[in-house]
Amino acid sequence: MKTIKSFGELKELLRPFKCSDPGQRTIGFVPTMGFLHQGHLELVEQSKKETDLTVVSIFVNPTQFAPGEDFDAYPRDLDRDAELLKERGVDVLFFPTMDDMYPEGYATYVEVAELGKVLCGKSRPTHFKGVTTIVLKLLNIVEPTHAYFGRKDAQQAVIIKKMVTDLNVGVTIRTIPIQRDPDGLALSSRNIYLSTEERAAALVLPRSLELLRKKIREGMLDVDELRQLFRREVDNVSLVEIDYIELVDLESLGEITVVDPDKTLVAAAVRVGKTRLIDNFILGEI
Ligand code: PAF
C-alpha cells in the first residue's frame with residue numbers, strides 16, 4: 001500500500017494506471033475521516049470486489065463541523081488505520097494536508113440546496129455543504145470510476161448522488177448497508193465518546209427503529225402514528241434526547257404522511273449525553 005499526502009503525487013501515481021487501458025480499468029474510492037471501523041472496512045471490501053484499484057482517503061474535514069462541534073475532539077489514529085487498510089489490501093491511502101485541501105483564501109463551496117436543509121440539516125445547517133465540497137474536491141483529485149458510502153449516513157448518500165448527477169461527475173456511487181455491533185448499535189467513529197451507561201441507553205435508538213420497521217411490516221403506515229410510537233419508546237429512557245425522527249421520501253427527502261413501502265427513509269438522530277448518534281432504515285433502494 002502506498003501512503004500519499006500530496007495530490008500532485010497521487011495524480012502521478014494514478015496516471016499510468018488510468019492511461020494503461022483507457023475505459024477498462026476501474027478505480028474504487030472510499031473517502032473517510034479515519035478512525036476506521038468495520039463499516040469503513042466493508043466499503044473497502046466492496047471496492048476491492050468491484051474495482052481494479054482501491055484508494056482510501058483519510059481527512060477530518062473541518063468545513064462539515066460547525067463551530068462548537070467535535071472537530072478537535074474527533075478521534076484520530078492514522079497508524080492503526082493504515083495498518084487496517086494495508087491488511088485489507090488497499091492500494092493507496094491518500095492522506096491530504098489541511099493546507100492542500102483548504103489553502104489560504106479558499107472560497108468555493110458546493111451545496112445541494114434543499115436536500116441539505118432537512119433531517120440532520122435542521123440542527124447542522126452547514127454540515128452538508130462541507131460534505132459535498134470535500135467530496136467533490138476528492139472526486140476531482142482521485143477521479144475514481146466508483147465511490148463508496150455507508151447507508152448509516154443515508155442523507156449524505158442521497159445528497160452525494162444528487163450532486164454527481166446534477167454536476168455530471170462521471171462516477172458511480174455505491175452504498176453499503178449499515179454495520180452494527182452485536183447489541184444492535186450502528187457502528188460509528190463517535191461511539192467511542194459514549195460511557196458504559198450512555199452506550200446502554202443508546203440502544204434505544206436501534207431498538208425503536210426496529211419496532212417501527214416491524215409495525216410498518218404489520219401495516220401501520222401512518223407517519224404521525226409511527227413517529228409518536230418512536231417518541232414514546234425513546235422518551236422512556238433517561239440520558240437520551242431526540243433530535244428528530246422523520247419518515248421521508250427516499251429521493252426528495254420530502255415530507256410524507258403515509259409510508260410508501262418501496263421508497264421511504266426512516267431516519268432518526270438522538271443525543272446521548274454530549275454525543276449525537278444517527279441511525280435509519282430504508283424501504284427501497286439507494
Ligand atoms: O462520511 C464521512 O466520513 C464523511 O462525511 C466524508 C464522506 C468522508 C466526507 O468528509
Side-chain angles (χ1 to χ4, degrees), residues 2-19 27-36 40 43 55-79 81-82 85 90 92-150 153 155-171 173 189-190 276:
K2 288 236 184 302
T3 302
I4 289 184
K5 270 194 171 181
S6 103
F7 50 76
E9 223 181 296
L10 181 72
K11 281 211 181 271
E12 274 310 302
L13 181 83
L14 296 180
R15 182 172 298 143
F17 182 81
K18 285 177 186 161
C19 294
I27 298 181
F29 176 47
V30 182
T32 81
M33 297 205 300
F35 209 68
L36 305 177
H40 298 110
L43 302 177
V55 180
V56 176
S57 67
I58 295 181
F59 180 69
V60 185
N61 172 38
T63 63
Q64 67 190 77
F65 294 80
E69 287 188 350
D70 58 341
F71 173 71
D72 289 331
Y74 197 85
R76 292 157 168 93
D77 192 342
L78 184 64
D79 291 344
D81 289 346
L85 296 174
V90 165
V92 181
L93 167 57
F94 180 43
F95 176 58
T97 66
M98 197 61 75
D99 284 349
D100 269 355
M101 295 312 272
Y102 295 111
E104 211 172 308
Y106 185 85
T108 305
Y109 292 86
V110 184
E111 197 167 10
V112 180
E114 299 307 316
L115 295 182
K117 294 189 184 142
V118 296
L119 306 176
C120 288
K122 280 190 185 155
S123 54
R124 304 187 75 195
T126 56
H127 172 67
F128 290 108
K129 182 173 154 188
V131 170
T132 40
T133 299
I134 196 68
V135 170
L136 186 60
K137 281 169 71 68
L138 290 165
L139 291 175
N140 283 336
I141 294 165
V142 179
E143 296 181 295
T145 51
H146 298 69
Y148 295 83
F149 295 87
D153 297 292
Q155 183 177 11
Q156 168 173 284
V158 169
I159 289 175
I160 288 169
K161 277 195 166 193
K162 179 77 176 138
M163 174 184 76
V164 304
T165 304
D166 284 357
L167 297 180
N168 309 94
V169 185
V171 63
I173 301 298
S189 305
R190 288 189 169 99
R276 186 172 180 280

Give a yes or no on whether the backbone of [Y] and the side-chain of [X] come within a donor-acceptor separation of less than 3.5 Å.
X    : Y   : value
T32  : S57 : yes
T126 : A66 : no
D81  : L36 : yes
T3   : L93 : no

Heavy atoms only: give me the nearest [X]-[Y] pair and the separation to one decimal.
X    : Y    : answer
G28  : Y148 : CA-CE1, 4.0 Å
Y109 : T133 : CA-OG1, 3.4 Å
H40  : G34  : CE1-O, 3.9 Å
F71  : V60  : CE1-O, 3.4 Å
S6   : E9   : OG-N, 3.0 Å

Legend entry - side-chain contact (heavy atoms from CB on, under 4.5 Å) between L43 and F149, intermediate numbers included: CA-CA 7 Å; L43 302 177; F149 295 87; 5.6 Å; no
Measure the [atom1]-[atom2] distance between [X] and [Y] for me, rounded to the nearest 0.5 Å.
X    : Y    : atom1 : atom2 : answer
I159 : Q156 : CD1   : CD    : 8.0 Å
I160 : D153 : CD1   : CG    : 8.5 Å
D100 : K5   : CG    : NZ    : 9.5 Å
E143 : L138 : CD    : CG    : 12.5 Å
N140 : L167 : CG    : CG    : 9.5 Å

Inset, instruction - Give a yes or no on whether K137 atom NZ has more than 12 heavy-atom contacts from other residues, nucleotides or ligands under 6.0 Å away. - result: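 It does: K137 NZ has more than 12 such atoms within range.
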Legend entry - Heavy-atom neighbours of K11 NZ exceed 12 at 6.0 Å: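 Correct, the count exceeds 12.
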Legend entry - Residue pairs passing the side-chain hydrogen bond (donor to acceptor under 3.5 Å, both in side chains) test where at least one lies in residues 60-71, sequence neighbours excluded: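 Non-adjacent pairs meeting side-chain hydrogen bond (donor to acceptor under 3.5 Å, both in side chains): N61-T63, N61-Q64, N61-Y102, T63-Y102, E69-R124, D70-R190, D70-Y193.
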Side-chain contact test, heavy atoms from C-beta onward, threshold under 4.5 Å: evaluate it for [X] versus [Y] and give yes or no.
X    : Y    : value
L115 : V112 : yes
Q155 : V118 : yes
T145 : V171 : no
I134 : M101 : yes
V169 : M163 : no
K129 : V110 : no
P31  : F94  : no
E111 : F128 : no

Legend entry - Face-on cation placement of R76 at F59 ring, 6.0 Å and 45° thresholds: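 Negative - R76 is either too far from the ring of F59 or too far off its axis.
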Inset, instruction - Please test V164 against L139 for side-chain contact (heavy atoms from CB on, under 4.5 Å), starting from the C-alpha separation and ending with a verdict. - result: CA-CA 10 Å; V164 304; L139 291 175; 4.0 Å; yes
Inset, instruction - Assess whether side-chain contact (heavy atoms from CB on, under 4.5 Å) is satisfied between F35 and M33, documenting all intermediate values. - result: CA-CA 7 Å; F35 209 68; M33 297 205 300; over 6 Å; no
Legend entry - is_close_aromatic(F65, Y74), centroid dist under 6.0 Å: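 Yes.
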Inset, instruction - Using side-chain hydrogen bond (donor to acceptor under 3.5 Å, both in side chains) as the criterion, list what pairs up with E12, not counting sequence neighbours. - result: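 E12: side-chain hydrogen bond (donor to acceptor under 3.5 Å, both in side chains) contacts with R15.
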